[in-house]
Number of protein chains: 2
Amino acid sequence: MAVVQKHLGSSQQAYEVLKRRILSMELLPCAPLGEQKLAGELGISRTPIREALMRLASEGLVELVPNRGGMVAPIRLDFVSAAQFVRESLETAIAHEASQKIDAIGELSLRQTIEEQKLANREGAVELFYQSDERMHRRISEIAGRPLVWQHIVDAKSQMDRARRLNLQGAPSFDALISQHERIINALVAKDADEITQAMHEHLRQILPDMKALQESNPEYFAVND
Amino acid sequence: MAVVQKHLGSSQQAYEVLKRRILSMELLPCAPLGEQKLAGELGISRTPIREALMRLASEGLVELVPNRGGMVAPIRLDFVSAAQFVRESLETAIAHEASQKIDAIGELSLRQTIEEQKLANREGAVELFYQSDERMHRRISEIAGRPLVWQHIVDAKSQMDRARRLNLQGAPSFDALISQHERIINALVAKDADEITQAMHEHLRQILPDMKALQESNPEYFAVND
DNA sequence: GATTGTATACATGCATGCAATAATGCACAG
DNA sequence: CTGTGCATTATTGCATGCATGTATACAATC
């Protein structure tokens, strides 16, 4: 949930730093997270670290074993699959609402993100592409008048994001993604309900087939299947 | 005083107790939540209370003001609306999958929940009805093979649940809800995609119209609209 | 009488101490 | 050489102390 606060406490700061490092794969899955060590690195005491770790554990990004401490949660295929289902369901429903409300200004802002992505693609700027991609999807939620629903998507998405980042690093050509984005925007503008569903489906479901290959190339990041 | 189980941490206990009390409206919206007061009531120290409050705050059930402490989050109409959207989108998508996979055993278990609800209705057992309702929806997720997605629904739903509980207390006749449930189950068994969508729509969207009346009869539980 | 400045009281936010628990290393027996 | 039992060690989980920041009450002033 969107929390606005003026002065950032150490606890909040630790939470944000750790979450960013986990999602960016700077802290790799299964990396140990000792309270003492983290407290030393961040220059604060164990208490705010503990609070941050517990929040991250409730989001599924950290696994805590009682009396044994924590580690960055390994990627679980079944969690990723559930997150994908949530994302596709919500974003498809949002897209249908957005198509009913989109105006010229909304369309322009979406077309602009496409230009950003083409630029990032030409220059091989993975991080910029990633951010613009995110911005486009969020913008659609805003156009639909569902900004709060976007937060739910972000929460669900966090499991997928790490796998996605691995994937993007490997294949630095975003042509396919860009044309999928264009298809989505065109469908929105055309208010073509079936085409919206198909376009979102094609775009968001692409992650799943890559997952198996990803697990084989980086098995150390994945949990054993239960 | 809470009975502390040996193998469960105090922090987890505090979280569960507070969450249950908030969702059941035993702790009313806008009730103050002082750390030491709660620590005294639960017979533990402030640290695990703090951890519980922060987790609940990240779920939107508690509002924390820096240096001022916390209170039970007031019900926000825009949050409820977002939660309703999430729930309807996900449960409808789940229902479509469930209709492809349901077998005689699954149907039987759903019909059984209907019987539970009719019984609870006859006896005016609000709590039992509530639990059986929950069980039926969760069962559909299991039939669809999406038990993990149900967790996302539960998370989103928590905002709605308090309002819903207020509502159920006021109108202790569940005839309409039961017939809606029957319509959903029949649509699942018939594998009628349009009817599934319509039935879920009718059932899950019923909450929204009641919200306005609820806010007028209990304004003290709601946040002022931003 | 209303308003503002100040002092007090109180709650939070973080650091640290202490007990309990699980992992680790080592000795010793088989 | 290997497996088991014990002592050691390191880490978590919780309690508590101290500092910071806010609200409140009261008094002084306009």
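All chains are named by letter (A, B, ...) in the order of the sequence lines, taking the proteins before the strands, and each is independently numbered beginning at 1. Only this structure's heavy atoms are used, side chains among them; waters, hydrogens and symmetry mates stay out.
- If you measure from atom CG of B:Leu64 to atom C1' of D:dG21, you get 16 Å, rounded to the nearest angstrom.
- A:Lys101 contributes no side-chain N or O that, together with a main-chain N or O of A:Ile143, makes up a donor-acceptor pair within less than 3.5 Å.
- Both tests do not hold together for B:Arg162 against B:Tyr221: distance to the six-membered ring centre under 6.0 Å, angle to the ring axis within 45°.
- The cationic atom of A:Arg76 (NZ for Lys, CZ for Arg) does not lie both less than 6.0 Å from the six-membered ring centre of A:Phe222 and within 45° of the ring axis.
- To the nearest angstrom, C1' of D:dG17 lies 15 Å from CD of B:Glu35.
- Residues from residues 42-57 of chain A placing a heavy atom under 4.0 Å of any atom in DNA chain D, listed by number, are A:Arg46, A:Arg50.
- In this structure, B:Leu38 atom CG and C:dT12 atom C1' are separated by 13 Å, rounded to whole Å.
- The salt bridge (Lys or Arg N to Asp or Glu O under 4.0 Å) analysis of residues 8-17 of chain B, with sequence neighbours excluded, yields no pairs.
- Bending across the helix from C:dG1-D:dC30 to C:dG30-D:dC1, expressed as the angle between its end axes from five pairs apiece, amounts to 10° (10° rounding).
- If you measure from atom CD of A:Gln36 to atom C1' of D:dT11, you get 7 Å, rounded to the nearest angstrom.
- Checked against the 6.0 Å centroid threshold, B:His152 and A:His152 do not count as a close aromatic pair.
- Scanning both residues, B:Val72 and B:Ile22, for their nearest heavy atoms gives CG1-CG2, 3.9 Å.
- With hydrogens and angles ignored, the 3.5 Å screen pairs no side-chain donor or acceptor of B:Glu91 with any backbone N or O of B:His137.
- Atom pair B:Gln12:CD and D:dG13:P shows a separation of 11 Å (rounding to whole Å applied).
- Each of A:Asn67 and A:Ser10 lies near DNA chain C, and the nucleotide nearest A:Ser10 is the one positioned closer to the 5' end.
- The separation between A:Tyr15 atom OH and C:dG13 atom P is 17 Å, rounded to whole Å.
- The two atoms that bring B:Gln84 and B:Leu208 nearest to each other are OE1-CD1, 3.8 Å, heavy atoms only.
- Distances shorter than 4.0 Å separate some side-chain N or O of B:Arg68 from OP1 or OP2 on D:dA23.
- In this entry the distance linking CE of B:Met71 with P of C:dT12 reads 14 Å, nearest Å.
- Across all non-hydrogen atoms, the minimal contact from B:Leu188 to B:Ala95 is CD2-O, 3.2 Å.
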